[in-house]
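Since the structure comes first, as structure tokens, the remarks are kept for the end.
Residue indices begin at 1 and follow the sequence shown. These values consider heavy atoms only, across backbone and side chains, with no hydrogens, waters or symmetry-generated copies.
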Amino acid sequence: MKHDLGTAAIGGGIGGLLDALYATLVWGVWLGSNPAGVWQGVAAGLLGKEAASAGGNATALLGLALHFFIAFLMALAYVLASKRLPVLTARPWLMGAFYGVVLFVVMNFVVVPLTPIGWRTPTPMGAFRALVPHVVFVGPAIALAAARRRSYAGMHAPAPSSS
């Protein structure tokens, strides 16, 4: 289990970092003018919009921490599932992209509507912009970390004894 947690930390950390950079640049700089507002928006899922906005940099940091915690949990689920479904590590690019779609759907159509943020009907372009980093960064980073760990474990497994 220790190796599973480490693999999830690596995959979730890399995927989370790439997604955080994407979100900050696209949503906070290119489409907005407040990068901290992106992360306050994540914190709003826990605190509500008004409290998250009023919290300044502290709630932005909370949102960023929540983002990485969620990425870790996403990665841990994949790592644990890959132990029972070897295709997840045999085809990491394909399965990672597919997992990115699954993560996008679950986060946007299940998790977020259950938070204080509630349901928001996405625009097609907004949905596309939110889907891209999950398919390109998050899912593949998680799948590649799991595949690398499986490959490493296979190389370092004890040789079968001949009796």
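- Between the side chain of Thr115 and the backbone N or O of Val112, at least one donor-acceptor pair lies under 3.5 Å.
- Under the 4.5 Å side-chain criterion, counting only non-hydrogen atoms from C-beta, Leu62 is in contact with Leu47.
- Side-chain atoms of Pro140 and Phe98, non-hydrogen and from C-beta on, never get closer than 4.5 Å to each other.
- Annotation: the span from Thr7 atom OG1 to Leu80 atom CG amounts to 10.0 Å, rounded to 0.5 Å.
- The two atoms that bring Ala71 and Gly16 nearest to each other are CB-CA, 4.1 Å, heavy atoms only.
- By the rule that hydrophobic residues join a cluster once side-chain heavy atoms approach within less than 4.5 Å of another member, Leu131 and Tyr78 end up as members of separate clusters.
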query: Could you walk me through whether Phe72 and Leu5 pass the side-chain contact (heavy atoms from CB on, under 4.5 Å) check?
result: CA-CA 9 Å; Phe72 170 75; Leu5 295 174; 3.8 Å; yes
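- Judged purely by atom type and a 3.5 angstrom limit, Asn108 uses its side chain to pair as donor or acceptor with the backbone of Phe104.
- Panel note: side chain Gln40, backbone Gly56; a donor-acceptor pair is recorded below 3.5 Å.
- Heavy-atom minimum distance, Ile142 versus Gly12: CG1-N, 4.2 Å.
- In this structure, the side chain of Tyr99 engages the main chain of Met74 through a donor-acceptor pair within 3.5 Å.
- Residues Ile70 and Met107 form a side-chain contact, since some pair of their non-hydrogen atoms from C-beta on lies under 4.5 Å apart.
- Val42 and Tyr22 fall within the same hydrophobic cluster, defined by Ile, Leu, Val, Met, Phe, Trp and Tyr side-chain heavy atoms under 4.5 Å apart, directly or through other members.
- Under the 4.5 Å side-chain contact rule for hydrophobic residues, Val26 and Val38 share a cluster.
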Going by atom type alone, with no hydrogens or angles, which donor-acceptor pairs under 3.5 Å involve a side-chain atom of residues 84-97 and a protein atom two or more places apart or on another chain?
unit_1: Thr89; atom_1: OG1; unit_2: Pro86; atom_2: O; d: 3.1
unit_1: Thr89; atom_1: OG1; unit_2: Arg150; atom_2: NE; d: 3.3

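- Closest approach of Ala127 to Pro122, counting heavy atoms only: CB-CB, 4.1 Å.
- Between the side chain of His67 and the main chain of Trp39, no donor-acceptor pair closer than 3.5 Å is present.
- Looking only at side-chain heavy atoms (C-beta outward), Val111 and Val106 come within less than 4.5 Å of each other.
- More than 12 heavy atoms of other shown residues, nucleotides or ligands fall within 6.0 angstrom of atom CZ in Phe109.
- At least one side-chain heavy atom of Pro35 sits under 4.5 Å from a side-chain heavy atom of Val29.
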field: Intermediate values then yes/no, salt bridge (charged side-chain N to carboxylate O under 4.0 Å, His left out), Asp4 and Lys83
entry: CA-CA 10 Å; Asp4 296 339; Lys83 292 175 134 183; 2.8 Å; yes
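- Note on Leu17 and Val135: separate hydrophobic clusters, where clusters join Ile, Leu, Val, Met, Phe, Trp and Tyr whose side-chain heavy atoms are under 4.5 Å apart, directly or indirectly.
- Put simply, CG on Asp19 and CD1 on Ile14 are 13.5 Å apart, with the number rounded to the nearest 0.5 Å.
- The side chain to side chain donor-acceptor pair (under 3.5 Å) analysis of residues 119-129, with sequence neighbours excluded, yields the pairs Trp119-Thr121.
- Residues Leu66 and Ile117 do not share a hydrophobic cluster, clusters being chains of Ile/Leu/Val/Met/Phe/Trp/Tyr side chains in contact below 4.5 Å.
- Nearest heavy-atom pair, Pro116 versus Gly48, reported as atom, atom and distance to 0.1 Å: CB-CA, 3.8 Å.
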